Participant: 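Just dropping this structure here.
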Amino acid sequence: GENVEQHPSTLSVQEGDSAVIKCTYSDSASNYFPWYKQELGKGPQLIIDIRSNVGEKKDQRIAVTLNKTAKHFSLHITETQPEDSAVYFCAARLTGTASKLTFGTGTRLQVTL
Amino acid sequence: GAGVSQSPSNKVTEKGKDVELRCDPISGHTALYWYRQSLGQGLEFLIYFQGNSAPDKSGLPSDRFSAERTGGSVSTLTIQRTQQEDSAVYLCASSLNPPYRGGPNYKTQYFGPGTRLLVL
């Protein structure tokens, strides 16, 4: 089955700096890669996703890049703000599966003033 | 509009007791998923429903775990004879329609707030 690794497990940045979170996946048949943000006591919320026919996608301060050859994808947050502090999860989904997501172990992002 | 709702939000039970966790998906969403999140860990897939059938139960950790979905809407996850290692947050998600095999139609999974289960 698919395996997703996520790094780093914790990340502390100063407000205004950029944050990068990286994930690798094992199965080249994966074709959909969402990123979720989870705030304390809440369920994960989708913030951005990318499909395997696209190399990069951007939404305001958030961008995701995908390298299919290397089987890794990254989340980039620019101009970080205190409200960006949360746990971020990457995930992958195999083509033709029953659409279950395989998640990374999460990155706790702390944006300090 | 209303999102995915789950109840109860918190549940404390004694080892050996049975518990039922409920999920109300977004109206009109045909696909429903259960995940488990242990403390400080990622999300672990449990089971997936398409309508009332469950084509993928591969993530259920033991036969103490079962789930059903009725009317293509509400789902209940039941854990029998709970153990301390069952303590976790149980998350439910729904999507409008899952991608068919080989199909390009990917659907976002929307998560509920979860049920925090503590087995003493």
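In what follows, chains carry the letters A, B, and so on, assigned in the order in which the sequence lines appear, proteins first and then strands, with residues in each chain numbered from 1. Everything quoted here is computed from the prediction, not taken from an experiment.
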Participant: Tell me if the CD atom of Gln83(B) is crowded by more than 12 foreign heavy atoms within 6.0 Å.
Facilitator: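 Above 12, so yes.
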Participant: Without hydrogens or angle criteria, can the side chains of Glu2(A) and Ser30(A) be said to hold a donor-acceptor pair below 3.5 Å?
Facilitator: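 Distance-only check passes for Glu2(A) and Ser30(A).
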Participant: Measure from the ring center of Phe73(A) to the ring center of Phe33(A) and say whether it is less than 6.0 Å.
Facilitator: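 Ring-ring flag for Phe73(A)/Phe33(A): true, centres closer than 6.0 Å.
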Participant: Against chain A, label Leu43(B) side chain, backbone, both or neither, depending on which of its atoms sit under 4.5 Å from a heavy atom there.
Facilitator: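 Both backbone and side chain.
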Participant: With a 4.5 angstrom heavy-atom cut-off, which part of Pro34(A) approaches chain B: side chain, backbone, both or neither?
Facilitator: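 Contact with chain B is absent: no heavy atom of Pro34(A) under 4.5 Å.
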Participant: Distance only, no hydrogens: is a donor on one side chain within 3.5 Å (strictly under) of an acceptor on the other, for Asp49(A) and Tyr32(A)?
Facilitator: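 The answer is yes; a qualifying pair exists.
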Participant: Is the side chain of Asn67(A) donor-acceptor paired with the backbone N or O of Ala70(A) at a distance under 3.5 Å, no angle test?
Facilitator: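 Yes, because the side chain of Asn67(A) sits within donor-acceptor range (under 3.5 Å) of the backbone of Ala70(A).
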Participant: Just by distance, with hydrogens left out, do Gln37(B) and Gln38(A) show a side-chain donor and acceptor under 3.5 Å apart?
Facilitator: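 Yes, Gln38(A) and Gln37(B) have a side-chain donor paired with an acceptor closer than 3.5 Å.
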Participant: Hey, is the main chain of Ile79(B) close enough, under 3.5 Å, to the side chain of Arg64(B) for a donor-acceptor pair?
Facilitator: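 Not confirmed, Arg64(B) side chain does not pair with Ile79(B) backbone.
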Participant: Taking the six-membered ring for Trp, is the centroid-to-centroid distance between Trp34(B) and Phe49(B) below 6.0 Å?
Facilitator: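 They do not qualify: ring centres at least 6.0 Å apart.
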Participant: Using a heavy-atom cutoff of under 4.5 Å, enumerate the residues of residues 103-113 of chain A that contact chain B, numbered in order, or state 'none'.
Facilitator: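 From residues 103-113 of chain A, the residues near chain B are Phe103(A), Gly104(A), Thr105(A).
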Participant: Against chain A, label Ser9(B) side chain, backbone, both or neither, depending on which of its atoms sit under 4.5 Å from a heavy atom there.
Facilitator: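 For Ser9(B), no heavy atom lies under 4.5 Å from chain A.
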Participant: Got a donor-acceptor contact below 3.5 angstrom from the Asn3(A) side chain to the Ser26(A) backbone?
Facilitator: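 Here the side-chain-to-backbone pair does not exist.
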Participant: With a 3.5 Å cut-off and no angle check, do the side chains of Thr102(A) and Tyr25(A) form a donor-acceptor pair?
Facilitator: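 Tyr25(A) and Thr102(A) do not have a side-chain donor-acceptor pair below 3.5 Å.
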Participant: Looking just at side-chain N and O atoms, do Thr24(A) and His72(A) make a donor-acceptor pair shorter than 3.5 Å?
Facilitator: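 Thr24(A) vs His72(A): no donor-acceptor pair found between side chains.
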Participant: Who in residues 110-120 of chain B is close to chain A, using a strict under-4.5 Å heavy-atom cut-off?
Facilitator: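 The residues closer than 4.5 Å to chain A, in numerical order, are Phe111(B), Gly112(B), Pro113(B), Arg116(B).
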